[in-house]
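Step one of this worksheet: look at the structure below.
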Amino acid sequence: MDAQKTYTADELIELEETYGAHNYAPLDVVCTRGEGVWLYDVEGNRYLDCLSAYSAVNQGHRHPRIIEALVEQAGRLTLTSRAFRNDQLPLFYKKVAELTGMEMVLPMNTGAEAVETSLKVARKWGYKVKGIPDNQAEILTVSGNFHGRTISIISFSDEPQYRDGFGPFTPGFKVLPYGDADAVEAAITPNTAAISVEPIQGEAGVVVPPEGYLRRIRELCDEHNVLFIADEIQTGLGRTGRMFACEHEDVQPDMYVLGKALGGGVYPVSAVAASGEILGVLNPGDHGSTFGGNPLGAAVAAASLDVLVEENLVENAHEMGQYLRDHLAEINSPHIDHIRGKGLMIGIVLKPEAGGARWFAKQMAKRGVLCKDTHRDVLRLAPPLVITKDELDFALPIIRDVLMSDPH
Ligand SMILES: *Cc1c(COP(=O)(O)O)cnc(C)c1O
């Protein structure tokens with residue numbers, strides 16, 4: 001293909017639809033550049049990014065310190081595999097351990113791989129430490145969960161579309177209602193190894209469980225020797241106005257599952273962090289990944305965490321989240337049912353009569369604000385955590401106007 005040719009948005013969309021598998025239905029905005037909270041399309045239009053790649057871009061697009069770490073590391077060493085050691089991984093381990101208050105860390109690349117890791121570790125802990133009979137371990141999960149797209153993970157999804165056509169499924173999981181601690185208590189048996197939850201459900205449409213739910217899970221896990229796995233791939237690293245969403249209830253899980261913003265929107269990096277007793281069940285050869293823990297990812301992740309901490313992005317998420325939610329609450333639109341979320345993880349729940357959130361997301365895109373409809377009736381707002389009041393003041397009138405207008 002001619003490298004000099006510049007493609008129009010329509011040509012690029014046509015190519016994508018022709019050659020790409022149709023497993024997504026993106027808005028027709030063809031981005032070519034990003035900086036901070038802003039995205040630019042191939043026609044030169046500017047958009048405020050209110051999705052942040054599902055919270056993978058918490059630090060903003062191409063944060064200079066993260067890009068510097070990427071370029072610097074790319075100029076020295078990118079991949080050794082874990083057959084050899086590298087000089088970046090130990091520093092990454094220490095940072096993640098200190099940030100999570102955990103003793104040990106296991107690196108992967110994507111969120112789904114880190115979730116798979118947490119499930120494998122929980123099962124192995126169940127057999128080797130708790131003493132569950134072979135092949136009897138159960139892991140509790142909750143309805144509305146989203147933990148990724150592998151066959152084992154969709155085995156406990158209750159979203160029909162995620163499962164349709166992909167069976168047979170992996171056994172060993174029980175799905176309980178989300179937010180119901182009594183259901184957890186009733187479901188625990190001597191064979192229960194773990195319960196895995198998102199502290200706030202992202203893909204389900206920013207679903208916040210009742211206050212005290214996470215604390216009660218912690219207590220039940222302590223009482224019954226069950227591991228509490230917190231999937232903070234989306235809620236973690238500042239998104240909800242705390243470093244981890246579990247902190248809203250002063251709860252420390254047994255395992256943190258991290259991803260998305262761990263790679264600063266630059267490079268896929270994920271991890272599981274836990275105690276030595278838990279991650280210590282793994283011996284050389286039990287589990288691994290060719291790219292997991294590579295020096296390029298480790299350097300990018302270390303810089304991404306430094307940016308979060310040193311630029312006070314958690315506090316900013318708390319303050320800007322409050323500001324955004326206060327102003328959204330003033331919008332007197334007939335289409336809004338209610339608004340929920342914490343920090344800069346916000347769901348605007350529309351009434352069913354509004355005809356779905358997709359139309360509103362499209363109108364906002366036309367006016368320069370990119371957000372995502374999810375589960376038909378929820379508009380999700382999750383801008384990068386570097387966002388300022390001025391930038392929110394750009395978005396708010398557009399959000400208000402679109403929400404006040406009538407879909408057709
Ligand atoms: C995005 C997400 C995942 C999956 O991460 P991938 O990198 O897409 O595999 C898992 N859990 C939660 C809560 C997520 O939001």
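Order of appearance sets the numbers: ligands from 1, and atoms from 1 within every ligand. Just so you know, these numbers come straight off a predicted model, no measurement behind them.
In Q136, the CD atom is crowded: over 12 heavy atoms of neighbouring residues, nucleotides or ligands sit closer than 6.0 Å. Within 6.0 Å of the CG atom in D326, the count of heavy atoms belonging to other residues, nucleotides or ligands exceeds 12.
Side-chain contact, K120 with H287: a donor N or O sits under 3.5 Å from an acceptor N or O.
Under a cutoff of 6.0 Å and an axis angle of 45°, R33 and Y40 form a cation-pi pair.
The ring pair (Phe, Tyr, Trp, His ring centres under 6.0 Å) contacts involving residues 153-192 comprise F146-Y162, H147-F156, F156-F173, Y178-Y213, where partners must be two or more places apart or lie in separate chains.
In this structure, ligand 1 sits under 4.0 Å from heavy atoms belonging to T110, G111, A112, F146, H147, G148, E198, D231, I233, Q234, K260.
Taking 4.0 Å as the cut-off between side-chain N and carboxylate O, E72 and R76 count as a salt-bridged pair.
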